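Here the structure is a predicted model, which means the values were calculated and not measured. Labels below follow one simple rule: chain letters A, B, ... track the order of the sequence lines, proteins then strands, and each chain is numbered from 1.
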Amino acid sequence: MHRGSPLAVLFNSHEYLFLFLPLTLIVYFLINPWARWARSECLSEFWLIGASLFFYGWSEPKYALLLVCLVLFNFSVAAGLNRFEPRQSVKRKILLIFGIAADVALLGYYKYADFAITNVNYLFHAQFLLRSVAVPMGLSFVTFIQISYLVDTYRNPTKEYDLLTYGLFSTYFPYILAGPIVRHSEIMPQLKKAAKKAAEYHNLSVGLYLISIGIFKKVVVADRLGEWASDGFAAAPPMNFLYAWVSSLCYTFQIYFDFSGYTDMAIGTALMFNIRLPINFNSPYKALDIQDFWRRWHITLGRFLREYIYIPLGGNRVGEARVYFNLMVTFIVCGIWHGAGWTFVFWGFLHGAALVVHRAWKKMGGKMPTFVAWLLTFNFVNMAWVFFRARSWDEALKVLAAMWGLNGLALPEGWGHALNFLKSGYILFLPWKEIMLGSRDACIWVPFALAVCLFLKNSNQMSENFKPVWRSLPVIAAGAYAALQLFRVNEFIYFNF
Amino acid sequence: MNNEKTWFYSALGIIVLGFLIVGLANYVLDPYGLFRKDFSWQFVEPNNDFIKPRYVTEHPLRYDCFVFGSSRANNIDVRKIKGYSCYNMFCNGEVPHEHLGNLKYMLKKGVKIRLVLVQLDDFSFRTDPAQRLNDPLRHPYPPVLNQHLLPYYLRYLFSLHAQHIMSPVIEGYWGKIMGKKDTRVGYYDVTNTGQILVPGVDKQIEENADAHRKDPRFTEKIEGATGDNMKGTINDLTQMVRLLKAHGIRSIFFMSPPYKTWFVDLDMDAFSRFERELAKLTDFYDFSGINSITKDPLNYYNPSHFRVPIGDMMLARILGDKTVRVPSDFGVLVTSKDVEAHLRDLRQQVAEEESIRTLTPK
């Protein structure tokens, strides 16, 4: 039902690009000199908090109120943690557990209640009604940022921060909806620095440059690939071998270009305000093993899982069997965090299992040629994404069965002359149109996307090497072209998590 | 260029210039007719779901009768409905979700309604209404969705619209400015009947009746819509029936008659489920099936769209106008009591047609 559901302010919308961002930026840099002169520097923080709450609450104002409550609650818990002496470790621990439990409960209420009810109904043949509550956008990111602040405060008191700065850190619009998952120690000192409050043309230029790259990745590449992926996953069974591979690869590249495009826009936006965010992607599809992949993919999530789940469980300072257990738990949590569904859990399980196998292989001193290592890693990641993308087990198994050749092999009719000796009940030669249905162009886009991922500089490298020269301007033109394709609004995939 | 300030403003300049050019072109050419008062400058189908709710709510007392439906409903000539001042609200591919939204909005804005005709189609229960939000031809009028107009205008103006839409628009403008002869066979009567009137097409069909009957589109297999929005559609229709009753508005629902090949290629199980559910809500006239009208290509513009004289017969049947001759097998009143018998008849007609069809070489 779409009546009455106003559009959210998304990074890939005209409202954001041409109203919200320029207005917020201009007012911010106009306020700052005046606020300094009037000795009320908190004005600029107020402005950014106001803008961020507007951004977050545009689609549903009550969610902005929820965010405010969450911020006040966690700031109070952190203040409590700061008040206790370090020797009062039991009280501090109880308070920490209370704070984390409340954050997780909130996430559970919005995101996992229906999942739990569905499972209870299935297991006990019960008839509990689903609540069908809409999940506030980016709630998973918001709660992770809050939890990390509580744990960091527990480890090292954070008395230096006031509510206003904490409020801005917790609501800051460039990362509030889909990360990067920031830590207070890398953002709050920047927010406090007066020197950061004057417009810097270098940062404005690089920010605009990154936003242009991001929106191009999202609108021109990811959304296009996404249409073919959606068609493929929704196609009636049985799928053929080639179509299944192309559909799964379309999703593999869609999710990368979508999420890294979003991250480029987030980093670029923050940079325009002179705030540096941590990078989140570093050419993940170049990874040569699964551990390498997680050092390159959603880096700030990997960091969170390592520091707040894996290490507290004992990390790799325990026996080998326990390390494997820790890896599995960490990645199953990673799967659940992404979505309330068994396919997400299984996706996390697969990655955990792959990390266990990788660790065991390394322990045994196993090695393999670089190309084989890349091929194995990339294909594992690609197949695991099938579970991530599929709306059900049946859908995932439909695609995977076809990818493994269980439905036979359909080859293009044109190859029939040369390969006629292969013709059998298993191998058929069909018109290209029947093999690829409406996704024929995807066969060109997929190798192109792979080449871009493997051989071109990523956006971090591009922004680091940025020079204000004429030849950088076509990137801006490409971004403008992408922004002119925004009639069709597609949410970023990670907004759902 | 080494100065970052110069580079930044150059980059902004590129963006602003690009957007100004596109925005200005979209405002002037206005492909979907959002800013237009004079539709003689309209060269492609306007976004009826945007302009019509706006138009009728700007003139709340001008009409008291409305026809809701898809593009097929365009061929219900509202001038033939006597005793009412009627407007055709049809929009390309529109389904009950949009009818309901527009009806609610019109009532909220004080439009006085006495009669509503709701045309339903074999795809009414298949289309996901959310798809229309990404389509400039079908995007609903934002206030109907409780949305502000400004974001939509920004999207509309600052978008590169599809080439197959912009080419005829630019060509049309250029021809009109250069004083070339207008070769359009129809016109958009937005501010009067709400219909696209196509006398030129009717003339062409009648002058080339044999060629039209042999048009291969009438023998080809039809790949109809395959989505499933049965639950949502029935829910929308339920609300619509209640709303009409609550406001004391006379309403008539009817199923459109696609050409026989279209009907034979339908998923009859799904279609039957829809008619069964519909009959629980309201009586309705069903013009679909294989009958003397749906068998003749001359009654159709294409396998989906019946011609205006057929629309006249449908009106005569449902409004009880005896002055128009309507074949006895065209149009059945279906109620909850006889829906099963009616569905059996339809299946029988399809089976018979299929048996003949297999013997007919394409």
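Separation of atoms CG (A/L204) and OH (B/Y9) is listed at 7.5 Å; rounding is to 0.5 Å. Between the NZ atom in B/K5 and the CD atom in A/E200 there is a gap of 14.0 Å [rounded to 0.5 Å]. For the atom pair A/L484 CG and B/R155 CZ, the distance stands at 14.0 Å (nearest 0.5 Å).
The heavy-atom pair separating B/E4 from A/S205 by the smallest distance is O-OG, 3.4 Å. Smallest separation of non-hydrogen atoms from B/F19 and A/A480: CE1-O, 3.8 Å.
Heavy atoms from other residues, nucleotides or ligands lying under 6.0 Å from CZ of B/F35 number more than 12. Few gaps surround CD on B/E58; more than 12 heavy atoms of other groups in view lie less than 6.0 Å from it. Within 6.0 Å of CZ on A/F466 lie more than 12 heavy atoms contributed by other residues, nucleotides or ligands. At most 12 heavy atoms of other shown residues, nucleotides or ligands fall within 6.0 angstrom of atom CD in B/E171.
If you measure heavy-atom distances from A/L208 to chain B, the contacts under 4.5 Å come from the side chain alone. Interface remark: A/S212 contributes no atoms to any contact with chain B (heavy atom separation under 4.5 Å). Contacts between B/D135 and chain A at a heavy-atom distance below 4.5 Å involve the backbone alone (N, CA, C, O).
Using a 30° and 60° split on the angle between ring planes, B/F158 and A/H14 fall in the tilted class, from 30° to 60°.
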>> Between B/S10 and A/L473, does the side-chain contact (heavy atoms from CB on, under 4.5 Å) criterion hold? Intermediate values first, please.
In response: CA-CA 8 Å; B/S10 304; A/L473 287 174; 4.3 Å; yes
>> Could you go through A/F18 and B/I15, starting from their C-alpha distance and side-chain angles, then the distance that decides it, and tell me whether this counts as side-chain contact (heavy atoms from CB on, under 4.5 Å)?
In response: CA-CA 10 Å; A/F18 301 108; B/I15 296 169; 4.1 Å; yes
> side-chain contact (heavy atoms from CB on, under 4.5 Å) between B/W7 and A/Y201: does it pass, once the steps are laid out?
Replying inline: CA-CA 9 Å; B/W7 189 91; A/Y201 281 103; over 6 Å; no
>> Please evaluate residues A/Q485 and B/L160 with respect to the criterion side-chain contact (heavy atoms from CB on, under 4.5 Å), reporting the C-alpha separation (whole Å), side-chain torsions for both, the decisive distance (0.1 Å), and the verdict.
In response: CA-CA 6 Å; A/Q485 311 280 330; B/L160 288 170; 3.5 Å; yes
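Of the listed residues B/V22, B/L154, B/L150, B/L12, the one with more heavy-atom pairs under 4.5 angstrom with chain A than any other is B/L154. Heavy-atom pairs under 4.5 Å with chain A were tallied for B/G18, B/G23, B/P136, B/P142; the largest tally goes to B/P136.
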